[in-house]
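Note that the structure is predicted; figures quoted are calculated from it, not measured.
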Protein chains: 2
Amino acid sequence: MQITPAELEIMNVLWDQPGIGASEIADALEGGKDWNIRTIKTLVGRLVEKGALTTEPDGRRYLYRPAIRRGDYQKKAAKQFVDRMFGGRAAPLVAHLADARGLSADDIAELERLLGDLKK
Amino acid sequence: MQITPAELEIMNVLWDQPGIGASEIADALEGGKDWNIRTIKTLVGRLVEKGALTTEPDGRRYLYRPAIRRGDYQKKAAKQFVDRMFGGRAAPLVAHLADARGLSADDIAELERLLGDLKK
DNA sequence: CTCTTTTGACTACGTTTGTAGTCGATACTC
DNA sequence: GAGTATCGACTACAAACGTAGTCAAAAGAG
């Protein structure tokens, strides 16, 4: 089940607010993404076809909610990305991120905690 | 300059062995990727159009080499990926990777070294 | 020299993706 | 109740993608 970048925007909205309709999705879309409502409905329809969303009738419209967990999808996507771009090695990826956007002190602290856990 | 997954396979070969021709690329492609030579040439042609590869005549054929550095491309792709999938937060990504594929002891050591550097 | 192979240039073509439009039915506004 | 907004279902359509085919010229095989 591959989710395209445009579709992912929809998924992100629905992971944050499951059980809303198409017009609420339109409202909730971040910043510049002022897609036409038709566009949103097309993307939602494709996600339903793919089995990534479930529908629930609500009067004459549908409410949508993710059929897959965000964490599961993120994990699969992360693995695929690292495999393709970095031959499966995570460290170079983190190095690039550090360089590209400057990890915040919080990020660094979190990573340290994580590494501490992993070593056990 | 967006590079598609199929094109990235080509780039990876050329980053490892810059200055080879289409048939050498075919030979060098990893494992299952036994693409038709036409397919490879199409992909190479598109990469040249996009400015991702430079050409150098060699007799009646061309040798190709990347016009962009692997590191630069990785960095941009990593940033874009983390932005899209994790709202820009690197730590959850690393957590998923750790979970999904079990970071090796080497990976962990490398990340620790990296974090040590970052804290300075 | 003739046949086969290889190369670049150009073309092909189904599928996926982004971005909507049309249509008929229902709901909401006055 | 008549006009307008909204919904789902279906359709449209160009660009990008994956995967290759055709063609003419040049190079290599015998």
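- Counting to the nearest Å, the C1' atom of C/dT11 and the NZ atom of B/Lys41 are 15 Å from each other.
- Map A/Lys50 and A/Gly59 each onto its nearest nucleotide of DNA chain C; the residue landing nearer the 5' end is A/Lys50.
- Residue B/Glu49 contributes atom CD, which lies 11 Å from atom P of C/dA9 at whole-angstrom precision.
- The nearest whole Å value for the distance from the CG atom in B/Leu63 to the C1' atom in C/dG8 is 13 Å.
- Residues B/Leu43 and B/Ile20 share a hydrophobic cluster, clusters being chains of Ile/Leu/Val/Met/Phe/Trp/Tyr side chains in contact below 4.5 Å.
- In this structure, a donor-acceptor pair under 3.5 Å is present between the side chains of B/Asn12 and B/Arg70.
- Shown here are the side chain to side chain donor-acceptor pair (under 3.5 Å) partners of A/Glu9, two or more places apart in sequence or in another chain: there are none.
- Rounding to whole angstrom units, CG of residue A/Leu43 and C1' of D/dA9 are separated by 16 Å.
- Between A/Tyr62 and the phosphate of D/dA9, there is a side-chain N or O to OP1/OP2 separation shorter than 4.0 Å.
- In this structure, B/Ile37 places its CD1 atom 17 Å from P of D/dG18, rounding to the nearest Å.
- Using bins of under 30°, 30° to 60° and over 60° for the plane-to-plane angle, the ring pair B/His96/B/Phe86 lands in the tilted bin.
- At a threshold of 4.0 Å, the pair A/Asp83-A/Lys79 counts as salt-bridged, since one of the basic side-chain nitrogens sits closer than that to a carboxylate oxygen.
- Within the 4.0 Å cut-off from OP1 or OP2 of C/dG18, not a single side-chain nitrogen or oxygen of A/Trp35 is found.
- Put simply, the side chain of B/Arg38 and the base of D/dT22 share a donor and an acceptor less than 3.5 Å apart.
- If you measure from atom CD1 of A/Ile40 to atom P of C/dT17, you get 18 Å, rounded to the nearest angstrom.
- If you measure from atom CG of A/Asn36 to atom P of C/dT22, you get 11 Å, rounded to the nearest angstrom.
- Using a 4.0 Å cutoff on non-hydrogen atoms, no part of residues 17-25 of chain B comes near DNA chain D.
- Annotation: of the two residues near DNA chain C, A/Thr39 and A/Arg60, the 5′-most nearest-nucleotide partner is A/Thr39.
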Footprint string (nucleotides 10-16 of chain D, 5' to 3'): B base within contact, S backbone only, - free, heavy atoms under 4.0 Å: --B----
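- A salt bridge links B/Arg61 and B/Asp58; the closest N-O separation between the charged side-chain nitrogens and carboxylate oxygens is under 4.0 Å.
- At least one side-chain heavy atom of B/Arg46 sits under 4.5 Å from a side-chain heavy atom of B/Thr42.
- Taking atom CZ of residue A/Arg61 and atom P of nucleotide C/dC28, one finds them 11 Å apart after rounding to whole Å.
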Please determine whether side-chain contact (heavy atoms from CB on, under 4.5 Å) holds for the pair A/Thr54 and A/Tyr62, giving the CA-CA distance in whole Å, both sets of side-chain angles, and the decisive distance to 0.1 Å. CA-CA 9 Å; A/Thr54 61; A/Tyr62 289 124; over 6 Å; no
Worked check of side-chain contact (heavy atoms from CB on, under 4.5 Å) between B/Leu111 and A/Leu111: CA-CA 9 Å; B/Leu111 287 176; A/Leu111 287 177; over 6 Å; no
